[in-house]
Amino acid sequence: MAEEYRLRMEGSGWSIIDQATHEPARLDGVPLAAMEAEEAKHMLAILRSIDRVRTASKRLASANRKRSDTTQIAANPQIDAAFEALRPFKTGCARCGSCTGICRKAPAEADAAIG
């Protein structure tokens, strides 16, 4: 795997340079420039670790997609309920505002739940 980042001395500090753009790399939008040598070395190690995790994650996701094409796994309602809070809000239902489907299945129960 080719190195995507390298260190470069710029003025009085060190920058981590993205090999693809030849510009200082960014982490969460912050340019990694004008750092002390030790800080730059640590940040370079962090960026490389992030890239390794990202590469492994893509590889695993690809393998899972291939496997899921051939294997059907039953949905687990407990897991679905635990991750419900992470799903984006759905709007557009005039009755409940969340479009969970309860207002279509049991309108009286939905009215009682909404208040």
Side-chain angles (χ1 to χ4, degrees):
M1 181 171 128
E3 295 294 317
E4 295 187 37
Y5 305 102
R6 64 180 170 82
L7 292 175
R8 180 172 71 193
M9 179 105 182
E10 293 183 333
S12 63
W14 289 85
S15 295
I16 299 175
I17 303 301
D18 184 335
Q19 294 284 70
T21 63
H22 302 287
E23 296 288 325
R26 293 179 173 268
L27 184 61
D28 290 335
V30 178
L32 301 175
M35 295 179 280
E36 297 291 327
E38 284 299 310
E39 181 183 16
K41 288 177 189 177
H42 288 295
M43 291 304 296
L44 182 60
I46 290 169
L47 280 178
R48 288 179 175 163
S49 295
I50 290 170
D51 280 350
R52 279 193 302 274
V53 168
R54 186 178 292 135
T55 300
S57 177
K58 286 179 183 177
R59 191 177 309 124
L60 182 62
S62 176
N64 283 341
R65 272 194 302 275
K66 289 176 186 174
R67 189 177 66 198
S68 71
D69 289 342
T70 60
T71 306
Q72 293 293 327
I73 299 173
N76 185 332
Q78 291 175 332
I79 292 174
D80 287 346
F83 285 99
E84 183 66 36
L86 300 177
R87 293 191 178 101
F89 293 113
K90 296 178 185 176
T91 59
C93 180
R95 181 172 282 239
C96 67
S98 66
C99 241
T100 60
I102 192 170
C103 57
R104 287 188 300 268
K105 294 176 188 172
E109 291 176 26
D111 288 340
I114 295 170

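With sequence neighbours excluded, the residues satisfying side chain to side chain contact (heavy atoms under 4.5 Å, CB included) with R26 are P31. Residues forming a side chain to side chain contact (heavy atoms under 4.5 Å, CB included) with T21 (at least two apart in sequence, or on another chain): D18, E23.
In the hydrophobic clustering, M43 connects to Y5, L7, M9, W14, I16, L27, L32, M35, L44, I46, L47, I50, either directly or through intervening members, whenever side-chain heavy atoms lie under 4.5 Å apart.
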Stepwise side-chain hydrogen bond (donor to acceptor under 3.5 Å, both in side chains) check, T55 with R52: CA-CA 5 Å; T55 300; R52 279 193 302 274; over 6 Å; no
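Remark: of the listed residues E10, R8, R6, E10 is the sole one forming a side chain to side chain donor-acceptor pair (under 3.5 Å) with S15.
A salt bridge does not link D51 with R48: none of the charged nitrogens is closer than 4.0 Å to a carboxylate oxygen.
Side-chain atoms of R54 and S57 include no donor-acceptor pair closer than 3.5 Å.
The environment of CD in E39 is crowded: more than 12 heavy-atom neighbours from other residues, nucleotides or ligands sit within 6.0 Å.
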